[in-house]
Structure formats: C-alpha cells, structure tokens
Amino acid sequence: MSKITKLFKSSGGSGASKNKKGPSAQEALFKLRETEEMLTKKQEYLEKKIQVELATAKKHGTKDKRAALQALKRKKRLEKQLAQIDGTLSTIEFQREALENSYTNTEVLKNMGYAAKAMKTVHQNMDLDKIDDLMQDIHEQQDVAQEISDAISRPAGFGEEFDEDELLAELEELEQDELNDQMANVKLPNVPSSKLPARPASSRKRVEDEDDMQMLAAWAT
C-alpha cells in the first residue's frame with residue numbers, strides 16, 4: 001500500500017474526522033516558520049552559553065579544577081542540546097519545503113483546471129463549419145485584393161492605337177524641317193563690290209603665244 005493511499009485512508013477513518021476540517025497549507029507553513037524562528041533564537045542563546053562556559057573553564061583552569069570541570073560538563077550538555085536543535089531544524093526545513101511544493105502544485109493544478117474550463121466554455125460557442133466558411137471567405141477576399149493590385153500596377157495601354165510607321169514618317173519630317181532651318185541660318189560671304197585687277201600685258205601676250213603654239217601643233221598632226 002502506497003503512502004498516499006494510507007494518508008487518504010487515515011484521513012477518512014471515522015465520521016468525526018470527516019467532519020473535522022484540517023489546517024490549511026498557509027496555516028501550517030506559518031506555524032512551521034514560527035517554530036524555525038524560535039529554534040533559531042534558541043540556537044543563538046545556546047551558542048552564547050557555550051562560549052560563557054568555555055571562558056569559565058579557561059578562567060579556573062588548574063587553579064580550581066572542580067569549577068572548571070563543572071563548566072565543561074555544562075558546555076557538553078549545551079552542545080548536545082545545540083546538536084538536537086540542528087537536527088530538528090533540518091527536519092522542519094525539509095517538511096516546510098515539501099509543504100510549500102505541495103501547495104504550489106495544488107495551486108498550479110487548480111489554475112490549470114480553471115483554464116481548461118474556460119477553454120471549454122469558449123469552444124462551446126464556436127462552430128467548426130462557420131470557422132471553415134469564414135476562412136474560405138478570407139482566402140477569397142485575399143485573392144480578389146491581389147487581382148485588384150495586379151490590375152492597378154499593370155501599365156495602361158495609352159497610345160497603342162497609333163501606327164508606328166506614321167509616327168516614324170512624322171519624325172523624319174520634323175528632322176528635315178529642323179535641317180532646313182539650320183541651312184537658312186547659314187550666312188554666305190558678301191560679293192566684292194570693286195572690280196578685279198586687270199591681267200598684265202606680258203602675261204596676256206604669253207598666254208596668246210601658248211594658244212598659237214597649240215593650234216599649230218594640232219594642224220601638223
């Protein structure tokens with residue numbers, strides 16, 4: 001039989017014990033802390049008494065052996081009590097930690113049960129079919145929004161109704177007009193108003209002789 005089973009059997013033995021309500025965890029922890037505090041103060045008192053008895057034994061020493069021995073005996077009894085209190089404190093500390101852990105586990109389980117009931121209440125008001133329909137509507141609206149975004153971001157077809165060949169011909173005309181304007185702005189040098197100087201007579205005579213020689217050569221052939 002496990003210790004937990006024994007504990008529950010002993011707690012539910014008689015009708016009087018069933019009706020009697022045991023102490024709460026907080027009350028038990030408070031009592032244990034009070035006991036620890038009391039024993040700690042007793043420890044401090046015994047440690048001081050031990051130092052006093054030790055000082056007494058040193059004071060009498062060999063001068064009064066009987067008084068020194070009595071002081072050492074009292075010191076031994078005090079040390080024994082101090083050791084017992086140390087053991088008791090260790091036991092109480094262990095019991096207190098176990099009770100604190102049990103109380104913590106109880107509170108954790110209580111809160112987990114409370115949360116589980118709350119989740120159950122929330123889920124009772126939910127319809128899985130409605131949730132599926134809602135998620136389907138959300139996906140459909142997301143698709144519609146994506147199509148709208150794609151349509152807005154797509155470049156519009158302005159200007160596609162014009163013939164490209166006509167546009168090129170018009171561009172050539174504009175280039176030719178620009179070239180004509182550039183040629184019209186070109187300034188030619190002015191014609192000199194004074195007469196050119198006459199050729200010298202010697203030069204004119206030399207040219208005539210050369211012409212006669214060429215004519216004679218032509219007849220000879």
Side-chain angles (χ1 to χ4, degrees), residues 1-139 142:
M1 185 181 296
S2 65
K3 294 181 180 180
I4 298 177
T5 306
K6 290 181 180 179
L7 177 63
F8 279 105
K9 280 193 172 184
S10 62
S11 62
S14 61
S17 60
K18 288 181 180 179
N19 295 329
K20 185 178 179 181
K21 186 179 179 181
S24 64
Q26 292 91 335
E27 293 174 348
L29 288 172
F30 179 75
K31 292 294 184 181
L32 288 174
R33 291 192 182 97
E34 279 188 340
T35 305
E36 281 184 300
E37 185 178 355
M38 179 189 65
L39 292 176
T40 302
K41 291 180 178 179
K42 185 67 178 294
Q43 267 186 328
E44 295 174 355
Y45 170 77
L46 291 175
E47 288 174 353
K48 291 179 180 179
K49 289 289 291 181
I50 290 172
Q51 294 299 324
V52 171
E53 297 299 336
L54 183 60
T56 303
K58 289 181 179 180
K59 177 182 177 181
H60 292 290
T62 56
K63 296 178 182 179
D64 190 351
K65 290 184 179 181
R66 187 167 177 272
L69 290 174
Q70 291 295 328
L72 290 176
K73 288 180 181 180
R74 289 192 297 271
K75 173 179 165 296
K76 290 294 184 182
R77 289 196 299 267
L78 293 171
E79 289 176 346
K80 186 177 180 180
Q81 293 179 24
L82 185 60
Q84 291 175 347
I85 291 176
D86 288 338
T88 304
L89 281 173
S90 298
T91 303
I92 292 176
E93 183 179 2
F94 174 79
Q95 188 178 13
R96 177 176 54 79
E97 290 176 353
L99 184 57
E100 287 175 347
N101 292 333
S102 299
Y103 176 72
T104 301
N105 293 334
T106 302
E107 291 297 318
V108 169
L109 291 175
K110 185 193 300 183
N111 294 331
M112 290 176 65
Y114 183 76
K117 291 180 180 179
M119 291 178 64
K120 186 176 181 181
T121 303
V122 172
H123 291 160
Q124 284 177 352
N125 299 325
M126 291 185 180
D127 188 353
L128 294 179
D129 295 333
K130 292 182 179 180
I131 295 175
D132 292 337
D133 295 339
L134 177 62
M135 295 305 298
Q136 186 175 359
D137 292 340
I138 292 174
H139 290 309
Q142 288 178 346

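- Between Glu79 and Lys76 there is a side-chain heavy-atom pair separated by less than 4.5 Å.
- Remark: Glu53 CD to Gln70 CD distance equals 10.0 Å, nearest 0.5 Å.
- Residue Ala71 comes nearest to Ala57 through the heavy atom pair CB-N, 3.8 Å, listed as atom of the first residue, atom of the second, then distance.
- Using a 4.5 Å heavy-atom cutoff, the side chains of Tyr114 and Lys110 are not in contact.
- Here the closest heavy-atom approach between residue Glu27 and residue Pro23 is recorded as OE1-CA, 3.5 Å.
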Test salt bridge (Lys or Arg N to Asp or Glu O under 4.0 Å) applied to Glu100 and Arg96, step by step | CA-CA 6 Å; Glu100 287 175 347; Arg96 177 176 54 79; 3.3 Å; yes
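- Here CD1 of Ile50 is found 9.5 Å from CG of Leu54. Values are rounded to the nearest 0.5 Å.
- Rounding to the nearest 0.5 Å places CE of Met135 at 11.5 Å from CG of Asp133.
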Can Lys41 and Glu37 be said to form a salt bridge (Lys or Arg N to Asp or Glu O under 4.0 Å), step by step?
-> CA-CA 6 Å; Lys41 291 180 178 179; Glu37 185 178 355; 3.8 Å; yes
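- Listed by chain and residue number, Met38, Leu39, Ile92 satisfy the side chain to side chain contact (heavy atoms under 4.5 Å, CB included) test with Thr35 (two or more places apart in sequence, or in another chain).
- In this structure, CD in Gln43 is found 10.5 Å from CD in Glu36, a value given to the nearest 0.5 Å.
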Val52 and Lys48: side-chain contact (heavy atoms from CB on, under 4.5 Å), yes or no, with the steps?
-> CA-CA 6 Å; Val52 171; Lys48 291 179 180 179; 5.5 Å; no
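- The OH atom of Tyr45 sits 13.0 Å away from atom CG of Leu82, with the distance rounded to the nearest 0.5 Å.
- The CG atom of Leu99 sits 9.0 Å away from the CD atom of Gln26 when rounded to the nearest 0.5 Å.
- Contact annotation: the side chain of Lys65 never approaches that of His60 to less than 4.5 Å [non-hydrogen atoms, C-beta and beyond].
- Inter-residue side-chain proximity for Asp64 and Arg66 is flagged as met; some heavy-atom pair is nearer than 4.5 Å.
- Within 6.0 Å of CD on Glu97 lie more than 12 heavy atoms contributed by other residues, nucleotides or ligands.
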